[in-house]
Amino acid sequence: MGLLITQPKGAAQRLKDGVGAALIALVLGVPMLGLATADVGGALAVITRWPLLAGFVGVVFVGRLFFQWLIDIFSLRKKRREQARPAVAKSRPWLTWIGFAALGLAVMLPIAFSGNRYVIDTATTVLIYVMLGWGLNVVVGLAGLLDLGYVAFYAVGAYSYGLLSTHFGWGFWQTLPVAGLLAASFGLLLGWPTLRLRGDYLAIVTLGFGEIIRLILLNWTEFSGGPNGVNSIPRPTFFGLPFKPDSDDGATFASFFHLEYSPDHRVTFLYYLILALALLTNLFVSRLRKLPVGLAWEAVREDELACKAMGINVTNIKLSAFAIGAMLGGFAGVFFAARQGFISPESFVFSESATILAIVVLGGMGSQLGVVIAALLLVVLPELGRDFSEYRMFLFGAAMILIMVWRPGGIIAKREPTLRLGAAA
Amino acid sequence: MSMLTFAGVHAHYGAIHALRGVDIHVEEGEIVTLIGANGAGKSTLMMTLFGQPRASQGSISYQGRDITRMATHDISRQGIALVPEGRRIFPRMTVLENLQMGATFAKPEHFDGDIKRVFELFPVLEARQAQRAGTLSGGEQQMLAIGRALMGRPTLLLLDEPSLGLAPLYIKLIFRTIEALNKEGMTILLVEQNAHHALKVAHRGYVLQHGGIVLTGTGKELLASPEVRAAYLEGGAEISHA
Ligand SMILES: Nc1ncnc2c1ncn2[C@@H]1O[C@H](COP(=O)(O)OP(=O)(O)OP(=O)(O)O)[C@@H](O)[C@H]1O
Ligand SMILES: [Mg+2]
């Protein structure tokens with residue numbers, strides 16, 4: 001997003017900008033960080049945590065100033081070239097603010113809710129879907145290839161880790177790249193025969209592909225354990241330090257850091273792990289979008305023939321979208337297996353693909369922040385609806401319909417251009 | 001040796017026989033105009049050069065290389081750019097991104113200069129550079145399609161009805177641009193309904209009818225030819241020989 005702001009800012013302007021970001025952080029932070037519930041003498045009471053909130057707002061303020069400064073440095077060279085040209089479109093710094101505020105909140109969440117396993121677990125699930133949404137976004141949002149079988153790549157990643165770790169003792173970090181490559185090859189496998197298909201036809205074939213993978217996992221018992229799945233998948237370790245109670249066989253996370261063992265350590269670690277993976281995914285995809293290949297994905301979505309006539313190898317572009325989308329799904333799968341410790345074909349049914357696709361569509365095709373909001377809605381809404389028992393899915397469906405009526409193009413429908421020349425006025 | 005040669009090229013769309021043994025050649029530095037009635041096969045001829053559809057018979061060569069069976073993207077990378085019929089810009093991408101796409105296979109160091117030139121040619125594109133291309137007016141989209149093709153620095157530029165939908169003032173601008181580009185050394189193959197204008201700027205021209213060439217000559221000769229006048233300039237009868 002650094003390209004959005006190309007004008008060097010004066011000190012006053014910078015301060016104003018920083019204060020604006022801090023204000024947003026404050027508004028968002030009061031309910032989420034400033035107030036918390038605690039068990040006081042057997043009754044639930046609201047406690048305030050103003051120092052924590054103040055710290056958060058301070059971090060956002062300083063971070064924003066730092067970010068501004070970085071942008072100025074990086075845009076200096078560009079700017080000189082651009083000065084000759086008149087101003088164009090408005091930039092939308094508030095989107096950047098929301099993005100950074102969300103990131104700040106995500107980083108603070110386990111601290112704010114430390115000990116609250118349910119919240120951190122749910123947030124971890126949200127982040128898995130965010131990562132899957134960002135991955136599928138490459139295929140559906142950018143390249144315009146409607147893929148209804150995305151869960152297959154998630155399964156490939158999960159089973160890669162499940163089988164490699166239980167049979168060959170591979171570790172999490174060791175498996176990650178291998179599983180990514182494997183998932184990418186499955187992406188190519190799906191991509192090849194479907195190169196000439198578009199829209200509905202492609203959707204049907206990808207749907208079938210997802211089911212084939214699931215059925216193979218279900219029926220090839222000797223290989224995948226069939227309906228029983230894979231059990232006792234080792235959990236990821238903290239640079240070799242396992243999360244388990246102290247024992248005689250070697251250091252554990254708790255003993256190494258002289259902490260009292262708590263199962264929360266692992267939950268928190270898993271949360272930060274998926275946060276890091278999701279952020280890497282985001283950076284990777286944002287980066288690609290600005291490279292020729294990312295631009296070509298979108299151009300292929302718009303008009304294949306025009307692309308060919310300007311020298312674009314449409315086959316390679318489509319395959320790269322399939323492969324990269326699949327690879328990211330595979331990474332998420334590895335994490336999923338490591339987190340659950342148990343996987344079976346039941347986790348990779350069509351409704352998972354549908355959910356991921358819904359996140360991409362609901363978020364606004366191609367929008368990174370939209371995916372986050374949609375994932376949050378799709379995971380948290382059903383959780384909140386638990387009180388409504390049977391009506392839960394009904395409410396969920398109604399909410400989705402309302403969103404689509406309210407914002408037909410998705411929550412964040414406007415797509416960010418990848419390149420701007422003129423300085424924003 | 002000609003820059004571009006079609007030798008006995010046939011093309012089909014399923015059962016439709018759209019090109020029936022076309023022989024044309026384009027020399028380096030020329031402007032060649034192709035005129036013909038609706039459905040004569042002009043657009044098909046241009047697309048066959050790109051292998052869409054493939055020539056079912058005959059051969060096409062460019063700068064001494066046989067490109068009849070080459071992949072479409074490889075043909076384009078030989079230095080051929082197309083302003084296709086119906087513009088075919090990328091509607092959900094910005095004007096700037098459209099131009100950037102056109103420059104995919106040009107050297108990056110030319111980008112700044114080339115885009116400046118396109119903006120000089122069509123200042124409206126500069127003012128609209130961050131706008132979604134699909135929201136441009138029809139004429140602006142046509143300018144974008146031309147600008148996008150120029151960003152690839154082609155040696156051979158194919159223009160399929162570049163003046164379509166443009167106001168008279170812009171039609172003049174387009175034809176002036178074509179002549180200017182040609183003076184700088186670009187070879188141009190032009191399809192136009194606007195036969196009068198097109199033949200005036202052309203060194204040579206061909207008349208296409210029912211998928212075959214029925215007449216050829218210099219631009220002046222064709223403009224003066226009673227058959228062309230009757231069929232394409234004053235509107236009316238077909239040319240009555242094969
Ligand atoms: N994709 C296609 N599928 C089937 N038939 C086609 C296709 N494209 C063109 N044709 C047919 O091929 C013939 C030549 O069409 P073409 O588009 O080359 O004509 P044209 O000379 O460019 O006409 P115009 O001046 O109207 O653009 C027409 O009869 C047309 O119906
Ligand atoms: Mg035509």
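Below, chain A is the first sequence line, B the second, and so on; all start at residue 1. Both backbone and side-chain heavy atoms feed into the values below; hydrogens, waters and symmetry mates do not.
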Contacting region of B:M47 [heavy-atom separation from chain A under 4.5 Å]: side chain
CG (B:L169) with more than 12 external heavy atoms under 6.0 Å: no
Sub-4.5 Å heavy-atom contacts with chain A: which residues of residues 72-93 of chain B show up? B:T72, B:H73, B:S76, B:R77, B:I80, B:L82, B:R88, B:F90, B:P91, B:R92, B:M93
Please check if the number of heavy atoms outside B:R54 that lie under 6.0 Å from its CZ is greater than 12. yes
Within 6.0 angstrom of B:Y170 OH, more than 12 heavy atoms from elsewhere: no
Close approach to chain A in residues 5-20 of chain B, criterion heavy atom under 4.5 Å: none
Below 4.5 Å from any heavy atom of chain A, which atoms of B:E97 appear? Answer side chain, backbone, both or neither. both
Do B:F50 and A:L305 come close enough that some side-chain heavy atom pair is under 4.5 Å? no
Do you know which of A:K308, A:R301, A:E298 has the most heavy-atom pairs with chain B at a distance under 4.5 angstrom? A:K308
Which residue out of A:A306, A:C307, A:A299 racks up the most heavy-atom pairs below 4.5 Å with chain B? A:A299
Between CD on residue B:Q100 and CG on residue A:L295, distance to nearest 0.5 Å: 5.0 Å
Hey, is CD on B:E27 packed in by over 12 heavy atoms from elsewhere, all under 6.0 Å? yes
By a 4.5 Å heavy-atom criterion (distance strictly below it), what part of B:T104 contacts chain A: side chain, backbone, both, or neither? side chain
Side chain, backbone, both or neither of B:R148 within contact of chain A (heavy atoms, under 4.5 Å): side chain
